[in-house]
Number of protein chains: 2
Amino acid sequence: MDHPAVVRLLEAHAIRPSAQRVAIAGYVLATAEHPSADQVWRRVKLEFPMVSRATAYNTLKLFVEKGLLRELVLAPGYAVYDPNTAPHHHFLDEDRGSIHDVPWSALTVDLVGDLPDLEVRNVSVVLRGRRRS
Amino acid sequence: MDHPAVVRLLEAHAIRPSAQRVAIAGYVLATAEHPSADQVWRRVKLEFPMVSRATAYNTLKLFVEKGLLRELVLAPGYAVYDPNTAPHHHFLDEDRGSIHDVPWSALTVDLVGDLPDLEVRNVSVVLRGRRRS
DNA sequence: ATATCTCTTAGACTGCGTCTAACTATCTAC
DNA sequence: GTAGATAGTTAGACGCAGTCTAAGAGATAT
């Protein structure tokens, strides 16, 4: 995605396109790597050194709020970002530590028992295992 | 579990019962808190200051190898220990930010399509929503 | 008793996340 | 157009989780 396209995309989501935000968006909206916030920060810093950690974290949270990104909370205190906001699941390769998308249609989830006091809005499934070579 | 019982248990699993190992076992084999290795270390240090971090980590790994504990890898770089693990899912309360256990039997996951090159060992489902008062 | 093997130590290092106080840029009201 | 308010950014400190290493203490075997 080139620079003006990123700017238009941000503006279309009511996000003021500061230089830092454009730099962060330019990377994170195009990657298939499922990076953590820290990984985004370090990567963007290479080409745009004047981005602070706090800005990277704030910006990613903002993008999630505005629907540009999806946040995948793998564990309390460890989240990962995904520009694919269409519904899908995830596979976590426990050997390599890599994360892959799994089509939404690859599995179904059925609520069997009743969870009377829980109002479920969203179901996210994380498969863990290893990848056969 | 009292001290001699811990010693017997360790010996029954072919683990030499050093003072550090007994202290660690005394806590982690009795807790229901699903602590991380760091949490175990800090907790044990309170009553037994002469335990180093490396020893806590080494000892927990040893206990897992010997079948005394189960290690739950929640994400790459974040594991949790459980002396008596029952599989369960999680419900994330988006209002309060709290996490609740959901019984394993409350839902079923069916793999519909085929994922030929993925060897799935574990399926974890995160339900998101709000808790009805 | 000595040589070997096992166990433990302190501390340095990385990754990830959160927070704050101060600074700059942008917008709005007048 | 300037003043004040709001929005955005910064560096750095802090906490938690995990890994590693060099060195030494302790147990075991012969």
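Proteins get letters first, then strands, A, B, ... in listed order; numbering begins at 1 in each.
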| message | Please identify which of these residues, Val80(A), Leu72(A), Val126(A), meets the side chain to side chain contact (heavy atoms under 4.5 Å, CB included) condition with Leu92(A). | response | Val126(A)

| For the pair made of CZ in Arg53(B) and C1' in dC13(C), what is the distance, rounded to whole Å? | 11 Å

| query | Arg43(B) has an atom CZ; how far is it from atom C1' of dC16(D), in whole Å? | reply | 17 Å

| query | Taking the six-membered ring for Trp, are Phe91(A) and His100(A) parallel (under 30°), tilted (30 to 60°) or perpendicular (over 60°)? | reply | tilted

| field | Name of the residue among Leu127(A), Val102(A), Asp101(A) meeting side chain to side chain contact (heavy atoms under 4.5 Å, CB included) with His90(A) | value | Asp101(A)

| note | Checking dG18(D), dT18(C), dC7(C) against the side chain of Lys61(A) (C-beta onward), the nearest is dT18(C)

| Starting at CZ of Phe48(B) and ending at C1' of dT8(C), how long is that distance when rounded to a whole Å? | 11 Å

| Within this structure, what is the CG-to-P distance between Leu74(A) and dG18(D), rounded to whole angstrom? | 14 Å

Validation: residues 19-29 of chain A side-chain donor-acceptor distances under 3.5 Å, sequence neighbours left out:
from: Arg21(A); atom 1: NH1; to: Arg16(A); atom 2: O; distance (Å): 3.0
from: Tyr27(A); atom 1: OH; to: Glu33(A); atom 2: OE1; distance (Å): 2.8

| said: Can a side-chain donor-acceptor contact be found between Arg70(A) and His88(A) if the only test is distance below 3.5 angstrom? | reply: yes

| request: Output the single nucleotide from dT18(C), dT8(C), dT9(D) whose closest atom is nearest the side chain of Tyr57(A). | output: dT18(C)

| request: When you get a sec, tell me which of dT9(D), dT8(C), dG17(C) is the closest nucleotide to the side chain of Thr59(A)? | output: dT9(D)

| task | Take atom CG of Asn58(B) and atom P of dA10(C), then tell me their distance rounded to the nearest Å. | result | 14 Å

| query | For Arg8(A), does its backbone N or O pair with a side-chain atom of Glu11(A) as donor and acceptor, under 3.5 Å? | reply | no

| request: Write down the distance between CD (Gln20(A)) and P (dG8(D)), rounded to a whole number of angstrom. | output: 11 Å

| same_hphob_cluster(Val120(A), Leu107(A)) at 4.5 Å side-chain heavy-atom cutoff | yes

| message | Using only atom types and a distance under 3.5 Å, with no angle test, would you say the side chain of Trp41(B) pairs donor to acceptor with the backbone of Val51(B)? | response | yes

| Quick one: does Tyr78(B)'s side chain get under 4.5 Å of Leu74(A)'s, heavy atoms only? | no

| query | Counting only side-chain N and O atoms of Arg21(A), is one of them less than 4.0 Å from OP1 or OP2 of dT9(D)? | reply | yes

| Ile24(B) CD1 to dT8(C) P, straight-line distance once rounded to whole Å | 8 Å

| message | Let's see if you can work this out: which of dA10(C), dT9(D), dT20(C) has an atom nearest to the side-chain heavy atoms of Ala54(A)? | response | dT20(C)

| field | Length of the line joining Glu71(A):CD and dG17(C):C1', which is rounded to integer Å | value | 11 Å

| field | Ser52(B) side chain, from C-beta outward: closest of dA10(C), dA11(D), dG17(C) | value | dA10(C)

Any N/O pairs under 3.5 Å between the protein and nucleotides 24-30 of chain D? List them or say none.
none

| task | Give, ordered by number, those residues of residues 30-42 of chain A having at least one heavy-atom distance below 4.0 Å to an atom of DNA chain C; if nothing qualifies, reply none. | result | Ser36(A), Ala37(A), Asp38(A), Gln39(A), Arg42(A)

